[in-house]
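Notes follow once the structure below has been shown.
Just so it is clear, the structure is predicted and the values come from calculations on it, not from any experiment. Every chain is numbered from 1, with letters handed out A, B, ... down the list of sequences.
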There are 2 protein chains.
Amino acid sequence: MSLRYGLLGLLAEGPASGYDLARRFQEVLGSVWPAQHPKIYAELNRLAQEGLIEVESEGPRGRKAYRMTEAGLAAVRAWLRDTEVDHTLRMQSLLRSFFFWLMEPDDLRRHLDEEARFFAEAAARYEEYAKAKDRGEFGDSPQARSMRIAIEAGVRLHRTLAEWAEWAKTVPLSPPTTTDS
Amino acid sequence: MSLRYGLLGLLAEGPASGYDLARRFQEVLGSVWPAQHPKIYAELNRLAQEGLIEVESEGPRGRKAYRMTEAGLAAVRAWLRDTEVDHTLRMQSLLRSFFFWLMEPDDLRRHLDEEARFFAEAAARYEEYAKAKDRGEFGDSPQARSMRIAIEAGVRLHRTLAEWAEWAKTVPLSPPTTTDS
DNA sequence: ATCACACATGTCCCTAAGTACATGTACTTA
DNA sequence: TAAGTACATGTACTTAGGGACATGTGTGAT
């Protein structure tokens, strides 16, 4: 259901085609909610059938731009206001960390180096985005301010994970061996 | 595939039945990789067919305890060492934050209050776990130390998200209106 | 003795997600 | 004018995940 409301949320900013939405999903929402174009086109058709969106215009190359209907706007708002947040998390990085004790120390160090680098780079990318927003590149609309909040989560989250990976490198996995002297 | 290696990872600590594994998944891995018992039993059967695990003993009420085989241990290790980490993230909380501008200020404040509370409570639960470990309640084995690292990630992650939600409450979503005087 | 509960394993079905395949059009550049 | 690229929309197949349903057993309490 989240994909559905992700699409409606994006369409609340203005009309867009499936192609546009697929790109925007990849660019901005992709890091918190991945979606491939087949799912997007399918969902758009369902949404249109249910009257939550409607074709606004048809363009070249079969392009169909959708516009949100009143019912659609009401539906996103209801989702945001009335439905419980699904806090389910699925992080392979953390799943793996339960099994670090199965790894050779060298492999583990290498792994944590890579993890730290990955998270730090992601954090840096989000920070660039945040700076661009703060420079006014996305304007100062409520949408842009919302995005700024989301980006801030990205920055903090990935920075935290990078620090965690660095910290993890300092934790010895084997208890000190008692020298039987 | 992560469920598979989650199960193998748990079985690396010692023999266990599907029922045991389902409970342990819910308790310790559930927050980073949810799994329901039907999936677990199915995966165990597949794993046994492929020779990565084998039935160690049969107990009352049809209980089947599985033991990991050499091949199974090699498989988890190969997964940990050689396969790339899937960093795909799916966080509904963050997806929603892109659309905060569609919410009434009051609803948004309420929402962020709830989010902050949820994340803070989760962080506190993880912290309790961490303290218990540091008191020595889980011993000092490599497994326990691995778990400690995973728990630390839970603490930091949720604390960060709680702080983010608190911070988000202080961000005005509407640009200051120019009073036409 | 009976009842409730925790133990224990599964099937079935539906939805969500991911990948590969398929098709065609407008524009830009060599 | 030919080739490459970005635009544009889909179908088909496979796997993963979640919920409901089904079934039966040992144990402890009343």
Side-chain angles (χ1 to χ4, degrees), chain A residues 1-8 10-11 15-27 29-50 53-66 79 83-84 86-92 95, chain B residues 1-8 10-11 15-27 29-50 53-66 79 83-84 86-92 95:
Chain A
M1 283 295 94
S2 287
L3 170 63
R4 140 160 306 203
Y5 297 107
L7 291 170
L8 284 174
L10 288 179
L11 282 170
S17 70
Y19 191 83
D20 297 337
L21 292 166
R23 258 197 300 114
R24 298 206 48 203
F25 239 97
Q26 177 146 23
E27 274 169 30
L29 303 183
S31 49
V32 296
W33 209 269
Q36 294 73 34
H37 76 264
K39 295 290 290 182
I40 291 174
Y41 287 117
E43 191 62 44
L44 284 173
N45 284 325
R46 229 170 300 146
L47 244 18
Q49 242 173 24
E50 293 174 35
I53 61 175
E54 59 192 14
V55 175
E56 185 229 14
S57 64
E58 310 217 359
R61 281 166 291 199
R63 175 192 171 90
K64 274 184 290 180
Y66 292 94
W79 179 65
T83 68
E84 262 195 46
D86 179 357
H87 285 108
T88 310
L89 201 57
R90 211 177 271 283
M91 275 194 72
Q92 210 194 66
L95 178 66
Chain B
M1 283 295 94
S2 287
L3 169 62
R4 142 162 302 203
Y5 296 108
L7 291 170
L8 283 175
L10 288 179
L11 281 170
S17 69
Y19 191 83
D20 297 337
L21 292 166
R23 258 196 302 113
R24 298 206 49 204
F25 240 96
Q26 176 146 23
E27 274 169 29
L29 303 183
S31 49
V32 296
W33 209 271
Q36 293 72 36
H37 76 263
K39 296 291 289 183
I40 291 175
Y41 287 116
E43 191 63 44
L44 285 173
N45 285 325
R46 230 170 299 144
L47 245 17
Q49 242 172 24
E50 294 173 34
I53 61 175
E54 58 193 15
V55 175
E56 184 227 16
S57 65
E58 310 217 359
R61 280 164 291 198
R63 175 191 170 90
K64 274 183 292 181
Y66 292 95
W79 179 66
T83 68
E84 261 195 48
D86 179 357
H87 285 108
T88 310
L89 203 58
R90 212 176 269 283
M91 276 195 70
Q92 209 194 69
L95 179 67

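Looking at residues two or more places apart in sequence or on another chain, you find a side-chain hydrogen bond (donor to acceptor under 3.5 Å, both in side chains) between A:Thr83 and B:Arg96. For A:Arg23, the salt bridge (charged side-chain N to carboxylate O under 4.0 Å, His left out) test picks out A:Asp20, with sequence neighbours left out. B:Glu54 meets the salt bridge (charged side-chain N to carboxylate O under 4.0 Å, His left out) test with B:Arg67; sequence neighbours excluded. In this structure, the salt bridge (charged side-chain N to carboxylate O under 4.0 Å, His left out) partners of A:Arg4, at least two apart in sequence or on a different chain, are A:Glu43, A:Glu50. A:Phe25 pairs by the ring pair (Phe, Tyr, Trp, His ring centres under 6.0 Å) definition with nothing, not counting sequence neighbours. A:Lys39 pairs by the side chain to side chain contact (heavy atoms under 4.5 Å, CB included) definition with A:Leu3, A:Gln36, not counting sequence neighbours. Partners of B:Tyr5 according to the ring pair (Phe, Tyr, Trp, His ring centres under 6.0 Å) rule, which considers only residues two or more places apart in sequence or in another chain, are B:Trp79.
Across all their heavy atoms, B:Pro34 and A:Thr88 have their closest contact at CG-CG2, 3.4 Å. Residue B:Lys64 comes nearest to B:Val55 through the heavy atom pair CD-CG2, 4.2 Å, listed as atom of the first residue, atom of the second, then distance.
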request  = Heavy atoms under 4.0 Å is the rule here; annotate nucleotides 3-10 of chain C 5' to 3' with B where the base is hit, S where only the sugar-phosphate is, and - elsewhere.
outcome  = ---BBBBB
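Computed from coordinates, the A:Leu21 CG to D:dG10 C1' distance equals 15 Å when rounded to whole Å. With rounding to whole Å, A:Glu58 atom CD is found 15 Å from C:dT25 atom C1'. As rounded to whole Å, 11 Å separates atom P of D:dG18 from atom CZ of B:Arg90. Rounded to whole angstrom, the span from the CD atom of A:Gln26 across to the P atom of D:dA8 amounts to 15 Å. When rounded to the nearest whole Å, the span between CG of B:Leu3 and P of D:dG18 equals 10 Å. One atom, NZ of B:Lys39, and another, P of C:dC14, lie 16 Å apart when rounded to the nearest Å. Distance A:Leu95 CG to D:dA16 P: 15 Å, rounded to the nearest Å. Protein atom CZ of B:Arg4 is 16 Å distant from nucleotide atom C1' of D:dG17, rounded to whole Å.
Residue A:Gln36 has no polar side-chain atom (N or O) positioned under 4.0 Å from OP1 or OP2 of C:dA17.
Helical stems involving DNA chain C, defined as 3 or more consecutive Watson-Crick or G-U pairs under 3.5 Å, span C:1-30 with D:1-30.
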